[in-house]
**Q** 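One structure coming up, written as C-alpha cells, with questions to follow.
Indexing begins at 1, ligand by ligand and atom by atom, following the structure's order.
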Amino acid sequence: MIKCQVVMDAMDRLAPRYLAEDWDNVGLLIGSPAQDIHKILTCLDVTENIIDTAIAQNYDMIISHHPFLFRGIKRIATDKPLGRMLQKLLSHNIAVFAAHTNLDTTFGGVNDVLAEKLNLTDLKPLTISYREEIVKLGVNVPAEFADKVREAIGRAGAGAIGNYKDCSFQFSGQGRFTPLEGAAPFIGKQDKNETVNEVRIETIMPVKIKNRVIRAMLKAHPYEVPAYDIIPTQNVYNENGLGRIGKLQMPMDIMDFAKMAKQNLPGDTFRLVKSNDKPVQKVALCSGAGVEFLDKAAMQGADTYVTGDVKYHEAQHAQELGINLIDAGHFGTEMPIAQTLADYLQKENTENKWQIEITADTTAKDVFTTI
Ligand SMILES: [Zn+2]
Ligand SMILES: [Zn+2]
C-alpha cells in the first residue's frame, strides 16, 4: 500500500504537468494525495463501465488519459450521468487522476506509442509547445577546490547535455577581495586586500534544477561569499510538443500502410483519403483529434498523416495539400496508452516495492462501429 501522492509523483515523472496545454485539466481530479492506494486501474476514459468495474473489484484509484472533469461544474445532479458517476466515485472513495496533453506530448507517451504501432522511426515532435529554459552558471573557486565544486554541481545535474554529463569549461585568473569587520574569510585578514589564484568554472543547466545546483555549489565552495552568476541563454537542447513526424524503414504502398494501421490499432473505424501516388515513407501523426496540424505535417514534407476525428472539409483540404490522410479514430489512436500506463506503473511498483496491484483496462471499445 502507498499514499496517492507517491503515484502522483511517479505520474509527474512520466508526464510532467508543465507539458500540458494551458486549456487542459490534468492531475488529481478527485480524491486526496493523502489517501491510501492498493489497486490502480488505467484506462482511456472514465466511463460508467469503468467506475462500476472499479467498485466491483475494489480499485481505489483510476488513472485515465482523458480528464473525467473538464468544464466547471455548478450543480451535481445525481439523476444525470455525470452526477451519478461522481456520486459513485465519491461514495466509494475512488481517486481519479488524468494525464492528458502532458501524456500526449511526453517522450514515450501517447504519440510515441502510436508511432511505434505504425512502425515509424527517427521520430521528432511535429509541433513545439515546450522549450526547456537553459541558464549558464559561472563560479569562481580557489584552484585547489575546483574539483570538489565541479563534482558537486555535476552530481546535482548541471552540465548534462544529450548523451553527455559533467560538461564544463574552466579557466584561471586572480580573485581579489578585502575582508571587512565581521567577516570570517576562508583566506585573508581584515582590511587587507587579498589576491587568490582562482579558476572560473562555467556550465549550463535547465532552470528547473537551478536551486538544487546552487545549493550543491554553495555547500562545496570554501568561501563565505562565493562569487557566482546565473545568466539566461537562448540555447535549445530539449523541446517537445504534440504530434510526431518520422519515417518508415521501407517505403510502402498507401493501401498496405492503411491496412497495417488497421491491424495494429484497436479502433473500429478507419477511413483513408488518398491524395498522392507516392509510396508512403515520411509519416506524421497526432493521436486523438489532431487534424489541426495537417498543414504543419505537409509543410514538413510528410506524404501521409494519421490522426482521428476528421471532418469532410478537412479531408478535402488534405487532398488539396496532396497529403494522404488516415482517420484511425480518436479511440484507435489513443487506447493503447492504457496498457503503456499500466506497464510504467508496474515497473515503479516493482522497483520501489509499493506492493500494490495495477491493471490496464482492456474492455473499452470504440464508440463508433462500422456497419
Ligand atoms: Zn490524447
Ligand atoms: Zn484524446
**Q** Counting no waters, what protein N/O/S atoms lie under 2.8 Å from the Zn ion (ligand 2)?
**A** His66 NE2, His330 NE2, Glu334 OE1
**Q** Who passes salt bridge (Lys or Arg N to Asp or Glu O under 4.0 Å) against Lys259, sequence neighbours left out?
**A** none
**Q** Identify each donor-acceptor pair in which a side-chain atom of residues 176-192 lies under 3.5 Å from a protein atom, sequence neighbours left out, and give them as a table.
**A**
residue, atom, partner, partner atom, Å
Arg176, NH1, Thr195, OG1, 3.4
Thr178, OG1, Asn193, ND2, 2.9

**Q** Does the pair Asp52/Lys88 count as a salt bridge with the N-to-O cut at 4.0 Å?
**A** yes
**Q** Show which residues join Leu19 in its hydrophobic cluster (side-chain heavy-atom contacts under 4.5 Å, direct or indirect), or state none.
**A** Tyr18, Tyr130
**Q** Please determine if Asp268 and Lys365 form a salt bridge, counting it only when a charged side-chain N lies under 4.0 Å from a carboxylate O.
**A** no
**Q** Count the heavy atoms belonging to other residues, nucleotides or ligands that lie under 6.0 Å from CG of Asp22, then report whether that count exceeds 12.
**A** no
